[in-house]
Student: 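One structure coming up, written as structure tokens, with questions to follow.
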Amino acid sequence: MPVDFSGTWILETNNNFEDYMKILNIDLVTRKVAVHLSQTKVIIQDENKLTIKTLSTFRNYEISLTIGEEFDECTKGLDNRKLKTLVSWEGDTLVCTQKGEKANRGWKHWLEGDKLHMELYCEDVVCHQVFIRKK
Ligand code: YOG
């Protein structure tokens, strides 16, 4: 039985998000707004299918995928890049690689106690986000 990430998760800490946005060439005005946003993750996990919605008052972003199958991702409303994206399991961690213009790009999700952790990385920058489950 793999870990189940399903649920609604509220952002609690967001370490180094500013540098992650910078490395993606997000403009200053957008960064000033985005860095303070309350983000909510809605995750629906059903066998090897996954939908992840990242919601905020400013912009929303959604992906649906099959774990283990590469797909075309366009980060519309974020940095608007085209990626070849693959999400797979490494033990109980969901690992995503996003091949495209930027090197070493991807993210990881894992659970620690009742918290959802996420690492967002690109080139030499790592952003660490922690979410608490919405009651
Ligand atoms: O999640 O890839 O859970 O897709 C990261 C934004 C900010 C817009 C959000 C809106 C990267 C301006 C997606 C924030 C910065 C800044 C709420 C993280 C780009 C633009 C959408 C992500 C994965 C894994 C699923």
Side-chain angles (χ1 to χ4, degrees):
M1 265 286 276
V3 182
D4 188 3
F5 291 90
S6 296
T8 299
W9 303 88
I10 313 287
L11 185 65
E12 183 184 58
T13 62
N14 194 0
N15 184 256
N16 220 23
F17 189 53
E18 173 74 9
D19 284 342
Y20 178 75
M21 289 191 286
K22 273 189 194 164
I23 207 88
L24 292 181
N25 314 105
I26 305 300
D27 68 84
L28 176 73
V29 173
T30 305
R31 291 203 312 270
K32 289 289 168 209
V33 176
V35 77
H36 296 295
L37 286 175
S38 170
Q39 295 181 32
T40 301
K41 290 266 181 208
V42 178
I43 303 181
I44 303 158
Q45 186 182 331
D46 181 14
E47 310 240 307
N48 59 346
K49 305 275 190 216
L50 198 60
T51 296
I52 306 179
K53 299 176 192 180
T54 308
L55 306 174
S56 76
T57 53
F58 179 51
R59 289 197 196 142
N60 299 320
Y61 186 68
E62 177 172 339
I63 55 170
S64 287
L65 60 100
T66 302
I67 295 168
E69 287 182 15
E70 191 179 75
F71 66 99
D72 294 310
E73 180 176 13
C74 176
T75 56
K76 197 172 182 322
L78 304 179
D79 63 313
N80 298 300
R81 286 190 172 89
K82 288 186 176 163
L83 307 166
K84 294 281 181 194
T85 300
L86 174 67
V87 175
S88 39
W89 290 107
E90 281 182 17
D92 288 339
T93 301
L94 270 179
V95 178
C96 173
T97 55
Q98 296 170 312
K99 279 187 282 175
E101 181 191 336
K102 296 282 181 182
N104 189 39
R105 181 170 180 175
W107 50 259
K108 293 182 184 188
H109 272 303
W110 70 95
L111 297 178
E112 267 179 46
D114 53 0
K115 297 196 174 174
L116 172 72
H117 286 247
M118 176 178 192
E119 242 175 40
L120 278 163
Y121 48 88
C122 182
E123 297 183 354
D124 59 347
V125 172
V126 183
C127 165
H128 185 194
Q129 302 185 331
V130 181
F131 297 79
I132 51 171
R133 198 183 275 280
K134 189 174 178 185
K135 303 252 160 60

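Remember, it's a predicted structure, so these values are computed and weren't measured experimentally. Throughout, numbering of the chain's residues begins at 1 and tracks the sequence. Order of appearance sets the numbers: ligands from 1, and atoms from 1 within every ligand.
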Student: How far is atom 20 (C) of ligand 1 from its nearest protein heavy atom, and which residue and atom is that?
Tutor: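 For atom 20 (C) of ligand 1, the nearest protein heavy atom comes out as I26 CD1, 3.5 Å.
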Student: For T54, counting its heavy atoms only, list the atoms of ligand 1 lying under 4.0 Å from any of them.
Tutor: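 Reading through ligand 1 atom by atom, the close ones are 1 (O), 17 (C), 21 (C).
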Student: May I ask you to identify the nearest protein heavy atom to atom 1 (O) of ligand 1, giving residue, atom name and distance to one decimal place in Å?
Tutor: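 For this ligand atom, the closest protein heavy atom is K41 NZ, 2.9 Å.
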Student: Around atom 11 (C) of ligand 1, find the nearest protein heavy atom and jot down its residue, atom name and distance.
Tutor: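 Nearest protein contact, heavy atoms only, for atom 11 (C) of ligand 1 is Y20 CE2, 3.6 Å.
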Student: Would you say ligand 1 has an N or O under 3.5 Å from any N or O of H109?
Tutor: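 Between H109 and ligand 1, an N or O pair is found under 3.5 Å apart.
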Student: Run down the list L120, L78, L37, L65 and name the one with the heavy atom closest to atom 8 (C) of ligand 1.
Tutor: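 Minimum heavy-atom distance to atom 8 (C) of ligand 1 goes to L78.
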Student: Heavy-atom distances under 4.0 Å are what count here, so tell me which part of M118 touches ligand 1: side chain, backbone, both or neither.
Tutor: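 For M118, the contact with ligand 1 is made by the side chain alone.
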Student: Hey, does the side chain of R105 reach the backbone of C122 with a donor-acceptor pair shorter than 3.5 angstrom?
Tutor: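 No: the side chain of R105 does not pair with the backbone of C122.
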Student: Are the aromatic rings of H117 and H109 close, with centres under 6.0 Å apart?
Tutor: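 Not close enough - the centres of the two rings lie 6.0 Å or further apart.
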Student: Could you check whether any side-chain heavy atom of R81 comes within less than 4.5 Å of a side-chain heavy atom of N25, counting everything from C-beta outward?
Tutor: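 Yes, side chains in contact.
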Student: Quick check against the 3.5 Å criterion: does T75 have a side-chain atom that pairs as donor or acceptor with the backbone of N80?
Tutor: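 Yes, because the side chain of T75 sits within donor-acceptor range (under 3.5 Å) of the backbone of N80.
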Student: For residues E123 and N104, is any side-chain donor paired with an opposing acceptor at under 3.5 Å?
Tutor: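 No pair is found: no donor N or O on one side chain lies under 3.5 Å from an acceptor on the other.
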Student: Looking at atom 25 (C) of ligand 1, what's its closest protein heavy atom, distance included?
Tutor: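 Protein heavy atom at minimum distance: I63 CD1, 3.6 Å.
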Student: Could you check atom 23 (C) of ligand 1 against the protein and tell me its nearest heavy-atom contact, residue, atom and distance included?
Tutor: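 Result: W107 NE1, 3.6 Å.
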Student: With a 4.0 Å cut-off on N to O distance, would you call E70 and K99 a salt bridge?
Tutor: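 Yes, this pair counts.
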Student: Numbering the atoms of ligand 1 from 1, which are under 4.0 Å from a heavy atom of R59?
Tutor: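 Counting from 1, the qualifying ligand atoms are 17 (C), 21 (C).
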Student: How far is atom 5 (C) of ligand 1 from its nearest protein heavy atom, and which residue and atom is that?
Tutor: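 For atom 5 (C) of ligand 1, the nearest protein heavy atom is F17 CE1, 4.1 Å.
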Student: Around atom 7 (C) of ligand 1, find the nearest protein heavy atom and jot down its residue, atom name and distance.
Tutor: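 In this structure, atom 7 (C) of ligand 1 has A34 CB, 3.9 Å as its nearest protein heavy atom.
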Student: Between the side chains of T93 and K108, is a donor N or O closer than 3.5 angstrom to an acceptor N or O?
Tutor: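 Absent: no donor and acceptor within the cut-off.
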Student: Going by the order shown, which atoms of ligand 1 are within less than 4.0 Å of some heavy atom of T30?
Tutor: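 Answer for ligand 1: 12 (C).
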Student: Could you check whether atom NZ of K102 has more than 12 heavy atoms from other residues, nucleotides or ligands sitting under 6.0 Å from it?
Tutor: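 Counting other residues, nucleotides and ligands, NZ of K102 exceeds 12 neighbours.
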Student: Decide, yes or no, whether a salt bridge links K82 with D72 under the criterion of side-chain N to carboxylate O below 4.0 Å.
Tutor: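 Looking at K82 and D72, the cut-off is not met.
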Student: Identify the closest protein heavy atom to atom 15 (C) of ligand 1: which residue and atom is it, and at what distance?
Tutor: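 Result: M21 CG, 3.7 Å.
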